[in-house]
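Note on naming: letters A, B, ... go to the chains in the order of the sequence lines (proteins, then strands), and numbering restarts at 1 for each one.
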There are 2 protein chains.
Amino acid sequence: MPEPKQTKASPTMADTDIAIVRIAPETSFKNKAYEALKEAILKMDIYATPEPVMLDERALSERLGVSRTPIREAIAMLEQDGFVKTVPRRGIVVVRRTKAEIVDMIRAWAALESMAARLITTTARKKDISSLRDFFKDFSDDRLPQDNIEEYSRANIAFHQALISLSESPVLVDLTNDLLLHVRGYRQLTIGRKDRTATSLPEHLGIIEALEARDTELAEKRARDHTLGLAAYVEAHGQELFT
Amino acid sequence: MPEPKQTKASPTMADTDIAIVRIAPETSFKNKAYEALKEAILKMDIYATPEPVMLDERALSERLGVSRTPIREAIAMLEQDGFVKTVPRRGIVVVRRTKAEIVDMIRAWAALESMAARLITTTARKKDISSLRDFFKDFSDDRLPQDNIEEYSRANIAFHQALISLSESPVLVDLTNDLLLHVRGYRQLTIGRKDRTATSLPEHLGIIEALEARDTELAEKRARDHTLGLAAYVEAHGQELFT
DNA sequence: TCGTGGCATTTGGTATGCCAAAAACGTAAT
DNA sequence: ATTACGTTTTTGGCATACCAAATGCCACGA
């Protein structure tokens, strides 16, 4: 076989790449509903009210202007994610996590993040590691994290996600993102808590330094201990959050 | 309000707890279909054929004797799990993982398992730890794992799952089970590979010893390194498995 | 022979309607 | 007033019908 080059077959079609972009796949109602409901669930403060939050298929289908079918499929997906639980002939309830579950999730998060740190020391570029500091460049002795908790909390989350991303491990990224979605149900109340914020920034910098030094074991340990610290904190001080 | 005690209201119903179990919820077709399809997907050797494996909603609904609706909901769930991917107007394709993805998953597994080991050293009972040895009691110098790969492979999986369970962390258990389902798509070809089997058993025993000694750091390290070893092995020798 | 156009088929997406279980409501008997 | 019981309503589960996009097949014509 003479291998007729990699060019396309038909000579009738000009090979001049007129920028044709794969036409918009027009995501389905099912996926739209999934995204909409997921966002709505994450946005609401599930732990504010003592009584369980219920969803109604028919009401949702009206509000979103679609039939029940795509709604039900979206609900099925959310149930897989662990955000809701449908009880036959009863209703769909938004799942509330117990303190123990949240602590458990944070521990798993710690495990994944420490592995990410480990991988980063062997593969990431110095430049990318150093740029992790940028998340905290708006904070200093003149502008303490404790005094801007809301903002610091966002930077905190962004830092952790960027850190994991540096591992270039899709699995670690996806798993931690899922965990974070659940943990974040606590609108900053935990992660951005004032007394922890003070120690948080130095620990982050310590992690970055270990990564830059390519000290695999140290980076892993610092990443792990930092997040386990959060777990211990929630376990010790998170009572009031769970009615 | 005088708070009329926590007892149940109706005096007509005896409070004597006669073990009534919540009547069989008669799991829905949706869940039955989900389980059936999941098992079918796991049972088939996805990597045997080069061409993609497709599923057909209507065919499935006929074979399972239900309508398309519960089938579609089951498919939606499986898609969340990452087992299938539905392409609009094209079909439902059973997802095939690349070698890199499998390696990635094993690394995540290693992360979770090492955290489990860590937790076990602080909470599990000695007795439960020691019983982990039972999984390998059928193997000895007279009956080497290498000569009973199929059987050893099952013991291997069971050991790892039991290990994680000892952590008493539902999140770790669930996450690793999910990962294992994906990784196991390789019918023993990887985990039970002969050349690795020889070193596997001693490593397992080493993990158990560290757990018994309550040596948190060592147990964590051994658990991690053992599974990372598998990842490295697959990365190095897993070429032939991915067409 | 090869390319073109169009029709039939296949396939997932969505809307609708009905069903049964369970809860909510109401009413009558004690 | 309270309990018991029957009726209505609510709610998720499931089946079915139809739609539109993508594909494949096939006849027609250069």
Side-chain angles (χ1 to χ4, degrees), chain A residues 4 8-14 20-37 51-80 83-95, chain B residues 4 7-14 20-37 41 51-80 83-95:
Chain A
K8 300 302 184 300
S10 168
T12 62
M13 186 180 183
I20 299 282
V21 288
R22 189 76 170 128
I23 201 170
E26 203 65 67
T27 155
S28 63
F29 285 165
K30 170 181 70 175
N31 289 308
K32 284 181 182 174
Y34 172 73
E35 295 300 336
L37 291 178
E51 61 275 2
V53 180
M54 307 290 288
L55 299 180
D56 179 72
E57 288 184 8
R58 283 168 238 259
L60 292 174
S61 73
E62 271 189 42
R63 299 246 310 233
L64 295 181
V66 298
S67 80
R68 286 175 56 209
T69 307
I71 298 288
R72 294 189 98 269
E73 292 173 351
I75 297 287
M77 292 193 280
L78 289 170
E79 188 163 13
Q80 284 300 101
F83 289 117
V84 302
K85 170 127 187 74
T86 106
V87 186
R89 311 273 149 35
R90 283 302 201 75
I92 303 156
V93 49
V94 179
V95 172
Chain B
T7 55
K8 299 302 183 300
S10 169
T12 63
M13 186 180 182
I20 299 283
V21 288
R22 191 74 171 133
I23 203 171
E26 203 65 66
T27 154
S28 63
F29 286 165
K30 170 182 70 175
N31 289 308
K32 283 182 183 174
Y34 171 74
E35 294 300 335
L37 292 178
I41 290 175
E51 61 276 1
V53 180
M54 306 288 288
L55 299 180
D56 179 72
E57 287 184 7
R58 282 168 240 259
L60 292 174
S61 74
E62 271 188 43
R63 300 245 313 231
L64 295 181
V66 298
S67 80
R68 286 176 57 208
T69 308
I71 298 288
R72 293 190 98 273
E73 291 172 345
I75 297 288
M77 292 193 280
L78 288 170
E79 188 164 13
Q80 285 300 102
F83 288 118
V84 303
K85 169 132 187 68
T86 107
V87 186
R89 313 274 150 36
R90 283 303 201 73
I92 303 157
V93 49
V94 178
V95 172

K.L.:
Find out whether A/M77 and A/K30 are in side-chain contact, i.e. whether some heavy atom of one side chain is under 4.5 Å from a heavy atom of the other.
P.N.:
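They are in side-chain contact.
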
K.L.:
Please assess A/L78 against A/Y34 for the test side-chain contact (heavy atoms from CB on, under 4.5 Å), listing each intermediate value before the final yes or no.
P.N.:
CA-CA 7 Å; A/L78 289 170; A/Y34 172 73; 3.5 Å; yes

K.L.:
Can you check the B/K32 NZ to D/dA15 C1' distance for me, whole Å?
P.N.:
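It works out to 16 Å between those atoms.
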
K.L.:
Among C/dA22, D/dA15, D/dA22, find the nucleotide with the atom closest to the side chain of A/R89.
P.N.:
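Of C/dA22, D/dA15, D/dA22, C/dA22 is nearest to the side chain of A/R89.
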
K.L.:
Starting from P on C/dG12, measure out to CG on A/N31 and report it in whole angstrom.
P.N.:
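Taking atom P of C/dG12 as the reference, CG of A/N31 is at 15 Å.
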
K.L.:
How close do A/R68 and A/E57 get, heavy atom to heavy atom, and via which atoms?
P.N.:
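Scanning both residues, the minimum pair turns out to be NH2-OE1, 2.8 Å.
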
K.L.:
Can you list everything that forms a ring pair (Phe, Tyr, Trp, His ring centres under 6.0 Å) with B/F29? Sequence neighbours excluded, please.
P.N.:
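Per chain and number, B/F29 pairs via ring pair (Phe, Tyr, Trp, His ring centres under 6.0 Å) with no residue.
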
K.L.:
Per the side chain to side chain contact (heavy atoms under 4.5 Å, CB included) rule, which among B/V87, B/V53, B/D56, B/T86 passes with B/I92?
P.N.:
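So the option named by the test is B/T86.
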
K.L.:
Quick one: B/I71 CD1 to D/dT16 C1', roughly how many Å, whole number?
P.N.:
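Distance check: B/I71 CD1 to D/dT16 C1' gives 15 Å.
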
K.L.:
Nearest 0.5 Å please: distance from the CG atom of A/L60 over to the CD1 atom of A/I71.
P.N.:
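So the CG of A/L60 and the CD1 of A/I71 are separated by 5.5 Å.
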
K.L.:
In whole angstroms, how far is the P atom of D/dG12 from the CD atom of B/E73?
P.N.:
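To the nearest whole Å, that distance equals 12 Å.
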
K.L.:
For B/E57 and C/dG12, what is the distance between atoms CD and C1' respectively, to the nearest whole Å?
P.N.:
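Atom CD in B/E57 sits about 5 Å away from atom C1' in C/dG12.
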
K.L.:
Report the distance from atom CD1 of B/I92 to atom C1' of D/dA22, rounded to the nearest whole Å.
P.N.:
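Atom CD1 in B/I92 sits about 15 Å away from atom C1' in D/dA22.
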
K.L.:
Quick one: pull up CZ in A/R90 and NZ in A/K85 and give me the separation to the nearest 0.5 Å.
P.N.:
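If we round to the nearest 0.5 Å, A/R90:CZ and A/K85:NZ are 12.5 Å apart.
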
K.L.:
With sugar-phosphate meaning primed atoms plus P, OP1 and OP2, does A/S61 contact a base, only sugar-phosphate, or nothing at under 4.0 Å between heavy atoms?
P.N.:
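Since no nucleic acid heavy atom lies under 4.0 Å of A/S61, the category is nothing.
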
K.L.:
Sort me out a list of protein N/O and nucleotides 16-18 of chain C N/O pairs below 3.5 Å, or just none if empty.
P.N.:
residue: C/dT16; atom: O4; partner: A/T69; partner atom: OG1; Å: 3.2

K.L.:
Please tell me which of A/G65 and B/D56 maps to the more 5' nucleotide of DNA chain C, matching each residue to the nucleotide holding its nearest heavy atom.
P.N.:
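Its nearest nucleotide lies further toward 5', so the answer is B/D56.
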
K.L.:
In whole angstrom, what separates A/K30's NZ from D/dA20's C1'?
P.N.:
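So the NZ-C1' distance, A/K30 to D/dA20, works out to 16 Å.
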
K.L.:
Nearest whole angstrom, please: distance from the C1' of C/dG12 to the CZ of B/R90.
P.N.:
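Atom CZ in B/R90 sits about 12 Å away from atom C1' in C/dG12.
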
K.L.:
Within the 4.0 Å heavy-atom criterion, would you say A/I75 contacts the bases, only the backbone, or no part of the nucleic acid?
P.N.:
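It contacts nothing in the nucleic acid.
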
